[in-house]
Undergrad: 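Sharing a structure with you now.
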Amino acid sequence: MTGSLFKANFWSTDILSTVGYDSIIQHLNNGRKNCKEFEDFLKERAAIEEKYGKDLLNLSRKKPCGQSEINTLKRALEVFKQQVDNVAQCHIQLAQTLREEARKMEEFREKQKLQRKKTETIMDAAHKQRNSQFKKTMDAKKTYEQKCRDKDEAEQAVHRSATVANQRQQEKLFVKLATSKTAVEDSDKAYMLHINMLEKVREDWQSEHVKACEVFEAQECERINFFRNALWLHVNQLSQQCVTNDEMYEQVRKSLEMCSIEKDIQYFVNQRKTGQTPPAPIMYENFYSPQRNAAPPGKTTGPNVARRGPLPVPKHLPDDPDYSLVEDYSLLYQ
């Protein structure tokens with residue numbers, strides 16, 4: 001607490017002035033507005049967190065992400081999708097937490113508003129009473145001063161008529177003088193009465209002003225402390241969100257550390273292998289060889305067919321029915 005700074009620094013020499021009180025009220029109104037702005041900020045941040053969480057959840061659950069991966073990398077991707085889902089849920093939960101903090105700020109504002117209203121009502125009444133009594137006192141003062149001037153004029157008239165006026169006129173002047181003196185005495189008493197009443201009202205108003213300053217200063221200290229703590233809590237919640245997210249992503253990193261390139265390759269080979277024997281070379285086949293159509297190209301009929309030796313070089317054997325000589329054919333039609 002700062003003590004009595006408000007009640008020591010918000011006065012004015014003008015008894016009718018409310019400049020100090022108005023300055024305090026304006027500051028309190030600004031503080032209340034600032035709390036409302038932070039409350040709205042929390043609500044909008046909550047809406048952003050909720051939308052982000054839902055979008056992230058939708059992405060995690062509906063968008064394919066490496067769905068045809070296998071073995072260890074597949075397991076790592078499953079952990080990744082699950083942790084993204086968890087992160088999304090955390091953001092949605094953070095949105096609910098922020099709305100709860102905004103609600104607390106609203107309740108605090110309303111509580112202070114009601115507390116201030118009581119003090120402001122008392123001060124408004126004190127100001128009205130002070131102003132009313134001041135006006136009555138000033139009116140009484142004017143009446144008193146006017147009666148004093150009337151008495152002075154009556155005295156001067158008596159002195160002037162001492163040598164020129166007759167007895168009857170002098171009697172009238174003396175009666176007027178006596179009446180004016182009585183009026184002065186009555187107005188003087190009324191003026192003094194109002195002065196005393198004004199002093200009592202002034203003391204009461206100053207007492208209420210001091211009390212109001214103490215209440216308002218205590219409220220402002222409470223507001224600043226509450227606002228500061230709310231902001232501190234907010235950034236702590238955001239920091240915790242980052243820590244929680246990192247812990248979830250750490251699970252993904254751990255699963256990636258367990259990912260084995262060799263195991264995934266071996267797993268694929270074991271699951272999808274088609275054979276270990278490649279196709280045999282496509283060999284030359286003589287059209288006139290009796291084994292020409294024994295097997296289709298690229299296929300083997302036995303272990304030795306694909307590795308048979310080279311074809312024999314034809315010799316000039318006229319009597320061999322498997323061979324024909326060029327000279328046995330004519331390219332021209334005779």
Undergrad: Is the closest side-chain donor-acceptor distance between D264 and T72 under 3.5 Å?
TA: yes
Undergrad: Kindly write out the residues that satisfy side-chain contact (heavy atoms from CB on, under 4.5 Å) with I48, not counting sequence neighbours, or none if the list is empty.
TA: none
Undergrad: Answer yes or no: is there a donor N or O on one side and an acceptor on the other, between the side chain of S255 and the main chain of V252, under 3.5 Å?
TA: yes
Undergrad: Parallel, tilted or perpendicular for F41 and F38, by the 30°/60° rule?
TA: parallel
Undergrad: Is the backbone N or O of Q93 less than 3.5 Å from a side-chain atom of T97, with the two atoms forming a donor-acceptor pair by type?
TA: yes
Undergrad: Would you say the side chain of N245 lies within less than 4.5 Å of the side chain of N86, judging by non-hydrogen atoms?
TA: no
Undergrad: Has M258 got more than 12 heavy atoms of other residues, nucleotides or ligands less than 6.0 Å from its CE?
TA: no
Undergrad: Please round to the nearest 0.5 Å and tell me the distance separating atom CG of L233 and atom CG of N229.
TA: 8.5 Å
Undergrad: Please determine if E203 and K200 form a salt bridge, counting it only when a charged side-chain N lies under 4.0 Å from a carboxylate O.
TA: no
Undergrad: For M105 versus C35, what's the shortest heavy-atom pair and its separation?
TA: CG-O, 3.5 Å
Undergrad: Work out which heavy atom in F10 is nearest to a heavy atom in F6; give both atom names and the distance.
TA: CD1-O, 3.1 Å
Undergrad: Measuring only between side-chain heavy atoms, which start at C-beta, is K211 closer than 4.5 Å to S207?
TA: yes
Undergrad: Kindly state whether the ring of H127 and the ring of Y21 have centres lying under 6.0 angstrom apart.
TA: yes
Undergrad: Any donor-acceptor pair under 3.5 Å linking the side-chain atoms of E50 with those of H91?
TA: no
Undergrad: Nearest 0.5 Å, what's the CD-CG distance between Q251 and D246?
TA: 10.5 Å
Undergrad: Calculate, to the nearest 0.5 Å, the distance between atoms CD and CD belonging to E78 and Q67 respectively.
TA: 12.0 Å
Undergrad: Would you confirm whether N196, through its side chain, and M192, through its main-chain N or O, come within 3.5 Å as a donor-acceptor pair?
TA: yes
Undergrad: Which atom pair, heavy atoms only, marks the closest approach of S12 to V19?
TA: CB-CG1, 3.7 Å
Undergrad: Under 3.5 Å, side chain of R130 to main-chain N/O of I15, donor-acceptor pair present?
TA: yes
Undergrad: Decide yes or no for V210 and W11: does some side-chain heavy atom of the first lie under 4.5 Å from some side-chain heavy atom of the second?
TA: yes
Undergrad: Could you tell me whether a side-chain N or O of S60 sits under 3.5 Å from a main-chain N or O of K81, the two making a donor and an acceptor?
TA: yes
Undergrad: Tell me yes or no: between the side chains of Q240 and T244, is some donor less than 3.5 Å from an acceptor?
TA: yes
Undergrad: Apply salt bridge (Lys or Arg N to Asp or Glu O under 4.0 Å) to K151 and list each qualifying residue two or more places apart in sequence or on a separate chain.
TA: E155
Undergrad: Check which hydrophobic residues are tied to V184 through side-chain heavy-atom contacts below 4.5 Å, counting indirect links as well, and list them.
TA: Y144, Y191, I195
Undergrad: Side chains of R223 and Q219: is there a donor and an acceptor less than 3.5 Å apart?
TA: no
Undergrad: Hey, are E185 and K189 close enough for a salt bridge, meaning a charged N less than 4.0 Å from a carboxylate O?
TA: no
Undergrad: Is there a path from F226 to L42 through hydrophobic residues (I, L, V, M, F, W, Y) whose side chains come within less than 4.5 Å of each other?
TA: yes
Undergrad: Is there a salt bridge (Lys or Arg N to Asp or Glu O under 4.0 Å) between R253 and E257? Walk through the geometry before answering.
TA: CA-CA 6 Å; R253 287 188 285 267; E257 290 175 353; over 6 Å; no
Undergrad: Can you list the steps and then say if K111 with Q115 is a side-chain contact (heavy atoms from CB on, under 4.5 Å)?
TA: CA-CA 6 Å; K111 182 193 74 171; Q115 291 174 344; 4.0 Å; yes
Undergrad: Apply side-chain contact (heavy atoms from CB on, under 4.5 Å) to E214 and S4, showing your working.
TA: CA-CA 7 Å; E214 291 173 345; S4 57; 5.8 Å; no
Undergrad: What verdict does the salt bridge (Lys or Arg N to Asp or Glu O under 4.0 Å) test give for K117 and E120, after you've listed the backbone C-alpha separation in whole Å, the side-chain angles of each residue and the deciding distance to 0.1 Å?
TA: CA-CA 5 Å; K117 188 65 177 177; E120 289 176 7; 5.2 Å; no
Undergrad: Find out whether I92 and K54 are in side-chain contact, i.e. whether some heavy atom of one side chain is under 4.5 Å from a heavy atom of the other.
TA: yes
Undergrad: Does a sphere of radius 6.0 Å around NZ in K136 hold more than 12 heavy atoms from other residues, nucleotides or ligands, not counting ones at 6.0 Å or beyond?
TA: no
Undergrad: Count I, L, V, M, F, W, Y as connected when their side-chain heavy atoms are under 4.5 Å apart, and connections chain through other members. Are I25 and M123 then in the same cluster?
TA: yes
Undergrad: Please report the C-alpha distance between V79 and M248 in whole Å, then the side-chain angles of each, then the deciding distance to 0.1 Å, and finally whether the side-chain contact (heavy atoms from CB on, under 4.5 Å) criterion is met.
TA: CA-CA 9 Å; V79 173; M248 293 175 178; over 6 Å; no
Undergrad: For Q133 and H194, which I'm curious about, is there any donor-acceptor pair between the side chains at under 3.5 Å?
TA: yes
Undergrad: Mind checking whether L238 and L231 sit in one hydrophobic cluster, side chains of I, L, V, M, F, W, Y counted as touching below 4.5 Å?
TA: yes
Undergrad: Quick check on the hydrophobic clustering: are V243 and Y249 connected, directly or via other members, by side-chain heavy-atom contacts under 4.5 Å?
TA: no
Undergrad: Counting only heavy atoms not in I261, do more than 12 fall under 6.0 Å of its CD1?
TA: no
Undergrad: What are the two closest non-hydrogen atoms of A157 and L173, and how far apart are they?
TA: O-CD1, 3.5 Å
Undergrad: Could you tell me whether R202 and E199 make a salt bridge, using a distance below 4.0 angstrom between a side-chain N and a carboxylate O?
TA: yes
Undergrad: Can you tell me how far the CD atom of Q129 sits from the CG atom of N131, to the nearest 0.5 Å?
TA: 10.0 Å
Undergrad: Indicate the atoms forming the closest heavy-atom contact of L98 with R45, along with that distance.
TA: CD1-CG, 3.5 Å
Undergrad: May I ask you to decide if N30's main-chain N or O and N34's side chain share a donor-acceptor pair within less than 3.5 Å?
TA: yes
Undergrad: Side chains of F108 and E39: does their closest heavy-atom pair fall under 4.5 Å?
TA: no
Undergrad: Using a strict cut-off of less than 4.0 Å between a Lys/Arg side-chain nitrogen and an Asp/Glu carboxylate oxygen, indicate whether D139 and K135 qualify as a salt bridge.
TA: yes
Undergrad: Begin from the C-alpha positions of K36 and D40 and carry the test salt bridge (Lys or Arg N to Asp or Glu O under 4.0 Å) through to its verdict.
TA: CA-CA 6 Å; K36 181 63 168 63; D40 293 339; 2.9 Å; yes
Undergrad: Mind checking whether V84 and L59 have side chains closer than 4.5 Å, heavy atoms only?
TA: no
Undergrad: Taking atom OG of S187 and atom NZ of K147, what is their separation to the nearest 0.5 Å?
TA: 7.0 Å
Undergrad: Which distance, rounded to the nearest 0.5 Å, do you find between the OG of S180 and the CD of Q146?
TA: 11.5 Å
Undergrad: I need the minimum non-hydrogen distance between A212 and T119, along with the two atoms involved.
TA: CB-CG2, 3.6 Å
Undergrad: Please tell me if the side chains of R32 and E110 come closer than 4.5 Å, counting only heavy atoms from C-beta onward.
TA: yes
Undergrad: Do Q237 and E101 come close enough that some side-chain heavy atom pair is under 4.5 Å?
TA: yes
Undergrad: Counting only N and O atoms by type, is there a donor-acceptor contact under 3.5 Å from the side chain of T182 to the main-chain atoms of A178?
TA: yes
